[in-house]
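Here the structure is a predicted model, which means the values were calculated and not measured.
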Amino acid sequence: MMADWRNELNGILGGKARVTRAEQENAVFEEFLGATAMPALTEVAEELNGKHGRDAQVRHAPASVTLSVRSGDTEEIAFRVMKHFVPNGILPRAEVRINRGQRFVKYECMFKDDPQNYPISDVAKDDIIGCFIKYYKMVMDGGAGNAAE
């Protein structure tokens, strides 16, 4: 009899712990957006605005940070860092939309090679900037045909 209530109590509090784990993972992700993703994309935006004549803007939404870059009236790229759920938690991934002349093409990018088994703390500003540069290069490489438009 004695063990039953202990198990039950354990079940109640164990369930509570799982809820707080999800809350904790969300809090860690929010912290990552504010401390890593936001500064990384803000740095890129400042460089694009200051030296390259682009209109680059960073927006922080509740669960994502987006850098959108325009050249004149054309959106060249939208680069959004958002949640990606993995078996052991939440990791960031980028959803990238690039302008290919007449159409937009979407890509997804994890910031590390092994998409599941690293802590979010392993993802640094350089990883985010490097990923952005990789896709922005595609915009510029494919942009040759846009000159006539």
Side-chain angles (χ1 to χ4, degrees), residues 10-149:
N10 202 25
I12 294 166
L13 294 173
K16 184 108 180 100
R18 277 194 296 280
V19 169
T20 56
R21 185 185 149 199
E23 289 169 353
Q24 186 181 3
E25 286 167 357
N26 279 311
V28 167
F29 187 81
E30 283 301 320
E31 170 69 20
F32 167 81
L33 286 180
T36 306
M38 192 74 188
L41 296 182
T42 299
E43 247 178 78
V44 172
E46 285 168 358
E47 190 75 6
L48 286 166
N49 288 330
K51 294 189 183 155
H52 302 283
R54 295 299 192 270
D55 175 17
Q57 296 186 340
V58 182
R59 289 188 311 282
H60 192 161
S64 67
V65 173
T66 305
L67 166 60
S68 60
V69 182
R70 301 181 74 81
S71 176
D73 291 339
T74 308
E75 183 184 67
E76 294 179 324
I77 188 169
F79 185 92
R80 183 158 72 125
V81 179
M82 57 195 289
K83 288 179 186 175
H84 179 74
F85 292 93
V86 294
N88 53 355
I90 300 171
L91 289 172
R93 76 175 160 95
E95 190 179 84
V96 189
R97 191 178 70 193
I98 67 172
N99 189 330
R100 284 302 212 192
Q102 303 303 315
R103 68 195 203 291
F104 285 100
V105 185
K106 272 196 166 175
Y107 297 92
E108 283 186 5
C109 165
M110 295 297 288
F111 296 106
K112 296 284 178 191
D113 291 335
D114 176 355
Q116 309 284 318
N117 299 317
Y118 56 89
I120 192 169
S121 55
D122 277 8
V123 181
K125 270 172 56 176
D126 288 350
D127 296 315
I128 296 172
I129 293 172
C131 182
F132 173 82
I133 296 295
K134 179 173 98 176
Y135 288 102
Y136 196 58
K137 199 181 284 178
M138 289 167 64
V139 173
M140 291 299 109
D141 290 348
N146 290 355
E149 285 175 21

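Here the CD1 atom belonging to Ile98 is positioned 9.5 Å from the CE atom belonging to Met140, to the nearest 0.5 angstrom. To the nearest 0.5 angstrom, Asn26 atom CG is 4.0 Å from Ile90 atom CD1. With values rounded to the nearest 0.5 angstrom, Phe85 atom CZ is found 8.5 Å from Glu25 atom CD. Between atom OH of residue Tyr118 and atom CZ of residue Phe111 there is a gap of 8.0 Å, rounded to the nearest 0.5 Å.
Considering all non-hydrogen atoms of both residues, Ile120 and Pro92 come closest at CG1-CD, 3.7 Å. Of all non-hydrogen atoms in Met82 and Ser64, the two that sit nearest each other are CB-CB, 4.2 Å. Scanning both residues, Pro119 and Leu91, for their nearest heavy atoms gives C-CD2, 4.2 Å. Contact detail for Pro39 and Leu33: the closest heavy-atom pair is CD-O, 4.2 Å.
Partners of Glu75 by salt bridge (charged side-chain N to carboxylate O under 4.0 Å, His left out), not counting sequence neighbours, listed by chain and number: Arg97. Under the rule for a salt bridge (charged side-chain N to carboxylate O under 4.0 Å, His left out), the partners of Glu47 that lie at least two apart in sequence or sit in another chain are Lys51. Among residues two or more places apart in sequence or in another chain, the side-chain hydrogen bond (donor to acceptor under 3.5 Å, both in side chains) test is passed with Asp122 by none.
Proximity of a side-chain donor or acceptor of Arg70 to a complementary backbone N or O of Gln57 within less than 3.5 Å is not detected.
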Between side-chain atoms of residues 125-135 and protein atoms elsewhere (two or more places apart, or another chain), which donor-acceptor pairs fall under 3.5 Å?
unit_1, atom_1, unit_2, atom_2, d
Lys125, NZ, Glu43, OE2, 2.4
Asp127, OD2, Lys112, NZ, 3.1
Asp127, OD2, Ala124, N, 2.8

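Of the candidates Val139, Asn99, Leu67, Ile77 forms a side chain to side chain contact (heavy atoms under 4.5 Å, CB included) with just one, namely Val139.
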For the pair Val44 and Tyr136, evaluate side-chain contact (heavy atoms from CB on, under 4.5 Å) and give the outcome as yes or no after the intermediate values.
CA-CA 11 Å; Val44 172; Tyr136 196 58; over 6 Å; no
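Listed by first and then second residue, the ring pair (Phe, Tyr, Trp, His ring centres under 6.0 Å) pairs that reach into residues 23-56 come to none, sequence neighbours excluded. Within the structure, salt bridge (Lys or Arg N to Asp or Glu O under 4.0 Å) pairs that include any residue of residues 53-69 comprise Arg54-Glu76 (at least two apart or interchain). Sorted by first and then second residue, the salt bridge (Lys or Arg N to Asp or Glu O under 4.0 Å) pairs involving residues 80-91 (not counting sequence neighbours) are Arg80-Glu95.
Side-chain contact between Thr42 and Glu46: present, with at least one pair of heavy atoms (C-beta onward) separated by less than 4.5 Å. For the pair Thr20/Glu23, a side-chain contact is recorded, criterion being any heavy-atom separation below 4.5 Å from C-beta on.
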